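Residue indices begin at 1 and follow the sequence shown. As the structure is a computational prediction, the values presented were derived from the model and not from experiment.
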Amino acid sequence: MVKLYTTSRLKNCPVCDMAKKFLHKHNVEYQEIDAAVEREAWNEMFKKTKKIIFPQLLIGKVSIVGWLPPEQEYKIVDLLRENKIDFEQ
């Protein structure tokens, strides 16, 4: 399962949009979680990473904080493969 933590507190989050575009481009099924609304999700996210930066992507048990394409794209693809999550190249 892939989780994408975002926040509705930011009216415009271009970095969150980049993450969503990447996931859509590769046809990755994911759950978007608005950490501003879902307090339990906020606590879960912060407990794992100790960071309040958006987006945060959780693939399996690994969290990626922020978004730095293309530097992180190969890491995401590797994590998808390792966790046997379907995606398109």
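Under a 4.5 Å side-chain heavy-atom criterion applied to ILVMFWY residues, the cluster that includes Leu10 comprises that residue alone. Summarising the hydrophobic clusters (Ile, Leu, Val, Met, Phe, Trp, Tyr; side-chain heavy atoms under 4.5 Å, direct or chained), the residues clustered with Tyr74 are none.
Minimum heavy-atom separation, Met1 to Ile85: N-CD1, 4.1 Å. Residues Trp42 and Phe54 share a closest heavy-atom pair of CZ3-CZ, 3.5 Å.
Checked against salt bridge (Lys or Arg N to Asp or Glu O under 4.0 Å), Glu44 has the following partners two or more places apart in sequence or in another chain: Lys3. Among residues two or more places apart in sequence or in another chain, the side-chain hydrogen bond (donor to acceptor under 3.5 Å, both in side chains) test is passed with Ser63 by none.
Residue pairs meeting the salt bridge (charged side-chain N to carboxylate O under 4.0 Å, His left out) criterion with at least one member in residues 46-69: none, sequence neighbours excluded. Among pairs with a residue in residues 75-86, those fulfilling side chain to side chain donor-acceptor pair (under 3.5 Å) read Arg81-Gln89, at least two apart in sequence or across chains. Among residues at least two apart or in separate chains, disulfide (SG to SG under 2.5 Å) pairs with a member in residues 16-61 are Cys13-Cys16. For residues 27-89, no residue pair satisfies the disulfide (SG to SG under 2.5 Å) rule, not counting sequence neighbours. Within the structure, side chain to side chain donor-acceptor pair (under 3.5 Å) pairs that include any residue of residues 10-20 comprise Lys20-Glu32 (at least two apart or interchain). Contacts classified as ring pair (Phe, Tyr, Trp, His ring centres under 6.0 Å) and involving residues 15-35 (residues at least two apart or in different chains) are given here: Phe22-His26, Phe22-Trp67, His24-Tyr30. For the disulfide (SG to SG under 2.5 Å) condition, no pair includes a residue of residues 42-89, sequence neighbours left out.
Hydrophobic cluster membership is shared by Met18 and Ile59, with clusters built from Ile, Leu, Val, Met, Phe, Trp and Tyr side chains linked at under 4.5 angstrom.
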Report all side-chain donor-acceptor pairs from residues 33-40 shorter than 3.5 Å, counting only partners two or more places apart or in another chain.
unit_1	atom_1	unit_2	atom_2	d
Asp34	OD1	Ser8	N	3.0
Asp34	OD1	Ser8	OG	3.4
Asp34	OD1	Ala36	N	3.0
Asp34	OD2	Ser8	OG	2.7

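Separating the CG atom in Leu23 from the CG atom in Leu80 is a distance of 7.5 Å, to the nearest 0.5 Å. Taking CG of Leu4 as the start and CD1 of Ile64 as the end, the distance is 11.0 Å to the nearest 0.5 Å.
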- [ ] Check the pair Phe87, Asn27 against side chain to side chain contact (heavy atoms under 4.5 Å, CB included), reporting the backbone distance first and the verdict last.
- [x] CA-CA 5 Å; Phe87 70 98; Asn27 202 24; over 6 Å; no

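Looking only at side-chain heavy atoms (C-beta outward), Ile53 and Val15 stay at 4.5 Å or farther from each other. Looking at heavy atoms from C-beta onward, Ile52 lies out of side-chain contact with Thr7 at the 4.5 angstrom threshold. Side-chain contact check for Leu58 versus Val2: every heavy-atom pair is 4.5 Å or farther apart.
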